[in-house]
Amino acid sequence: FPDDVDFIEVQFRDVDSLWNTIWPPSPADLDTATSTFHLVSLQVDPAEYFHENFQFRFRSFGRRAGPYDTWHIDYIYLDKDQDGSSIEIADRAITTGPQSVFSGYTAIPARQFKTYDQSILQPTDIELYNYQTSLLVQAFEYSAFVTDLSNNTVIDTLVDKAARTILGGGTETLDAPAPDFQLLQDAIVNDTIPLNFSLDFIVNTGDTLLINTIDPIAGDTTYHDDISLRVNDTVRREFTIHDYYAYDDGSAEFGAGINQKSGQLVYQYVLTDPDTLVALDMYFTSIGRLVAGTPIELIVLSDLDDNASSVLYSGVKTIQNTGAINRFGTYNIEPLVVRDTIYIGFIQNNDNFIPLGFDKNTDSGSRIHFNVTGVWEQN
């Protein structure tokens, strides 16, 4: 969370091109220790700000090294004929993405997937929020599909136009059952061709284009053609069944690591059938300094007993400069037959912080183990 000395502000540009702080009245008025969105309504005063060069801007003050002191701004809405006392927006919006359809994973190798059963798949849900507070209740319907992205065909229909209602200013959770295991199995061509598929939630809320004016006599309504309130009524999350396991969703909100020489960090994987490990994909993020070019020792362990027989693989690699955020580097190893439970990670040879990309949206922390004192500990 931001510290007390950190703050965010909104400024308006006046007719003399001067930037004036409109909100907050004082940085001390900010609630910095919250993860909840708060509505802020600011009036644009005609006397100072109704001119052709009017602009508004957001400025944040905090630590610039690393993902700290971060403010999240969402749903910026500028409208006329508002008195600021109550904001009325005729919009229903999906506010969360669906969880992974895989239990514990976001990607699974095709060869391993065939050895599972229906229990590897799990139900998912999203949340829908109603911004229109004046209506007592709004009827809507929603559907959920699993779609093969290679040919855009529906593999499985999870929800078919289920009718629901939502209160004004209320939130509704929309559920979908787990996909059918056999239908996903049938969609896999072979082990070498990836099955890239999506989980799509589509909500028909009755939202339209943003209303511009309503003629009080004729009752005719005109709309803003370029502002659609439908765009936040659909959400898609993509998954892969191919040749790798993944716990994360591919984007790192943070970096996790250890800053101790000879410290070890590993991830646990449980295989249902023997397989061959040929590469590790890892994303080392740079927080405060560049880590590309740093040597590390990659390790694959059969257990955490610290016996020589536990080490299935060990080799020194150099952290790659992938050159982009969330771009994984591939670290090839000699083909290694693995089975049952394995631990994959690295040993660092200095006491610098080497952050590995960490997905805060997916809780896989219990599968992380580290050793900085000679004893393995579960995260």
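Along the sequence shown, residues are numbered consecutively beginning with 1.
Using modelled atom types and a 3.5 Å distance limit, the side chains of Asn259 and Asp351 yield no donor-acceptor pair. When only modelled atom types and interatomic distance are considered, Thr240 and Asn196 share a side-chain donor-acceptor pair under 3.5 Å. Side-chain atoms of Asn20 and Tyr49 include a donor-acceptor pair closer than 3.5 Å. Gln264 and Ser262 form no side-chain donor-acceptor contact under 3.5 Å, judged by distance and modelled atom types alone. Between the side chains of Thr21 and Gln11, at least one donor N or O lies within less than 3.5 Å of an accepting N or O. Between the side chains of Gln268 and Arg367, no donor N or O sits under 3.5 Å from an acceptor N or O. A donor-acceptor pair shorter than 3.5 Å cannot be found between the side chains of Glu377 and Asn371. Side-chain contact annotation: Asp14 with Trp19, donor-acceptor N/O pair under 3.5 Å absent. Defined by atom type and a distance below 3.5 Å, a donor-acceptor pair is present between the side-chain atoms of Thr192 and Asn190. Residues Ser310 and Asp303 bring a donor and an acceptor atom of their side chains to less than 3.5 Å of each other. There is a side-chain donor-acceptor pair under 3.5 Å between Asp233 and Thr205. In this structure, a donor-acceptor pair under 3.5 Å is present between the side chains of Thr330 and Asp281. Side-chain polar atoms of Asp273 and Gln112 form no donor-acceptor pair below 3.5 angstrom.
Residues His72 and Phe37 have side chains in contact (heavy-atom distance under 4.5 Å, counting atoms from C-beta outward). Contact check for Ile241 versus Ile188: side-chain heavy atoms found under the 4.5 Å cut-off. Ile354 has its side chain within reach of Ile296: a pair of non-hydrogen atoms, C-beta onward, lies under 4.5 Å apart. No side-chain heavy atom of Val270 sits under 4.5 Å from any side-chain heavy atom of Asp340. Looking at heavy atoms from C-beta onward, Thr153 lies out of side-chain contact with Thr147 at the 4.5 angstrom threshold. Residues Tyr283 and Leu356 form no side-chain contact, since every pair of their non-hydrogen atoms from C-beta on lies 4.5 Å or further apart.
Looking at Asn379, its side chain does come within 3.5 Å of a backbone N or O of Gly365 through a donor-acceptor pair. Remark: side-chain polar atoms of Gln138 are not paired, donor with acceptor, to backbone N or O of Asn130 under 3.5 angstrom. Here the side chain of Asp359 pairs a donor or acceptor atom with the backbone of Asn361 at under 3.5 angstrom. Checked by atom type and distance alone, the side chain of Asp305 never pairs as donor or acceptor with a backbone atom of Asn307 at under 3.5 Å. The backbone N or O of Asp180 lies less than 3.5 Å from a partner atom in the side chain of Asp156, making a donor-acceptor pair. Under a 3.5 Å cut-off, the side chain of Gln348 and the backbone N or O of Glu297 do not form any donor-acceptor pair. Checking side-chain atoms of Thr124 against main-chain N and O of Pro98 turns up no donor-acceptor pair under 3.5 Å. Side-chain atoms of Asp207 come within 3.5 Å of backbone N or O of Arg92 as a donor-acceptor pair.
Within the model, atoms CG of Asp191 and CG of Asp243 stand 9.5 Å from one another, a figure rounded to the nearest 0.5 Å. Taking OH of Tyr247 as the reference point, atom CD1 of Ile368 lies at 9.5 Å (rounded to 0.5 Å). The structure places NZ of Lys161 at 6.5 Å from OG of Ser143, a figure rounded to the nearest 0.5 Å. In this structure, CD1 in Ile333 is found 8.0 Å from NZ in Lys317, a value given to the nearest 0.5 Å. Atom CZ of Arg63 is separated from atom CG of Asp6 by 10.5 Å, given to the nearest 0.5 angstrom.
With respect to Asp275 and Arg111, a salt bridge is recorded, a charged nitrogen being found less than 4.0 Å from a carboxylate O. Taking 4.0 Å as the cut-off between side-chain N and carboxylate O, Arg236 and Asp200 count as a salt-bridged pair. Between Glu141 and Arg164 there is no salt bridge, since none of the side-chain N atoms of the basic residue sits less than 4.0 Å from a carboxylate O of the acidic one.
Ring pair Tyr245/Tyr105 is tilted by interplanar angle, where 30° to 60° counts as tilted. Ring geometry for Phe56 against Phe54 counts as tilted: the plane angle lies between 30° and 60°, on a 0 to 90° scale. Ring orientation note: the planes of Phe61 and Phe7 are close to parallel, at an angle under 30° on the 30°/60° scale. Ring geometry for Tyr142 against Phe140 counts as tilted: the plane angle lies between 30° and 60°, on a 0 to 90° scale.
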For Asp91 and Gln132, what are the C-alpha separation, side-chain angles and deciding distance, and is it a side-chain hydrogen bond (donor to acceptor under 3.5 Å, both in side chains)?
-> CA-CA 6 Å; Asp91 188 19; Gln132 191 166 12; over 6 Å; no

Give the C-alpha distance, both sets of side-chain angles, the deciding distance and a yes or no for side chain to side chain contact (heavy atoms under 4.5 Å, CB included) between Phe181 and Phe113.
-> CA-CA 10 Å; Phe181 180 79; Phe113 186 76; 3.5 Å; yes

For the pair Val44 and Phe12, evaluate side chain to side chain contact (heavy atoms under 4.5 Å, CB included) and give the outcome as yes or no after the intermediate values.
-> CA-CA 8 Å; Val44 181; Phe12 288 175; 4.0 Å; yes

Test Gln122 against Val101 for side chain to side chain contact (heavy atoms under 4.5 Å, CB included), laying out the working first.
-> CA-CA 5 Å; Gln122 63 181 4; Val101 297; 5.7 Å; no

Are Leu277 and Ile344 close enough, and set up right, to give a side chain to side chain contact (heavy atoms under 4.5 Å, CB included), and what steps lead you there?
-> CA-CA 10 Å; Leu277 183 66; Ile344 299 174; 4.0 Å; yes

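Around the CG atom of Asp363, the shell of radius 6.0 Å holds no more than 12 heavy atoms that belong to other residues, nucleotides or ligands. Within 6.0 Å of atom CD in Gln55, more than 12 heavy atoms from other residues, nucleotides or ligands are found, so the atom counts as buried in its surroundings. Within 6.0 Å of CD1 in Ile325 there are 12 or fewer heavy atoms belonging to other residues, nucleotides or ligands. Atom CG of Leu290 is surrounded by 12 or fewer heavy atoms from other residues, nucleotides or ligands within 6.0 Å. No more than 12 heavy atoms of other residues, nucleotides or ligands lie within 6.0 Å of CG in Leu136, so this atom counts as exposed by the packing criterion. Around CZ of Arg327, the count of heavy atoms belonging to other residues, nucleotides or ligands within 6.0 Å does not exceed 12.
In this structure, the ring of Phe284 has its center less than 6.0 angstrom from the ring center of Phe346. The ring of Tyr131 has its center no closer than 6.0 angstrom to the ring center of Tyr77.
Taking all atoms of both residues into account, the shortest heavy-atom contact from Val266 to Trp376 is CG2-CZ3, 3.6 Å. What you find for Gly263 and Val372 is that their closest heavy atoms are CA-CG1, 4.3 Å. A pairwise comparison of heavy atoms in Asn321 and Ala292 identifies CB-CB, 3.6 Å as the closest pair.
Both Val203 and Leu158 belong to a common hydrophobic cluster when Ile, Leu, Val, Met, Phe, Trp and Tyr are linked at side-chain heavy-atom distances under 4.5 angstrom. Linking ILVMFWY side-chain heavy atoms closer than 4.5 Å, directly or via other members, places Tyr116 and Leu195 in a single hydrophobic cluster. Cluster membership check: Leu280 does not share its hydrophobic cluster with Val278, using side-chain heavy-atom separations under 4.5 Å among Ile, Leu, Val, Met, Phe, Trp and Tyr.
For the pair Lys360 and Phe254, the distance from NZ or CZ to the six-membered ring centre is under 6.0 Å and the angle to the ring normal is within 45 degrees.
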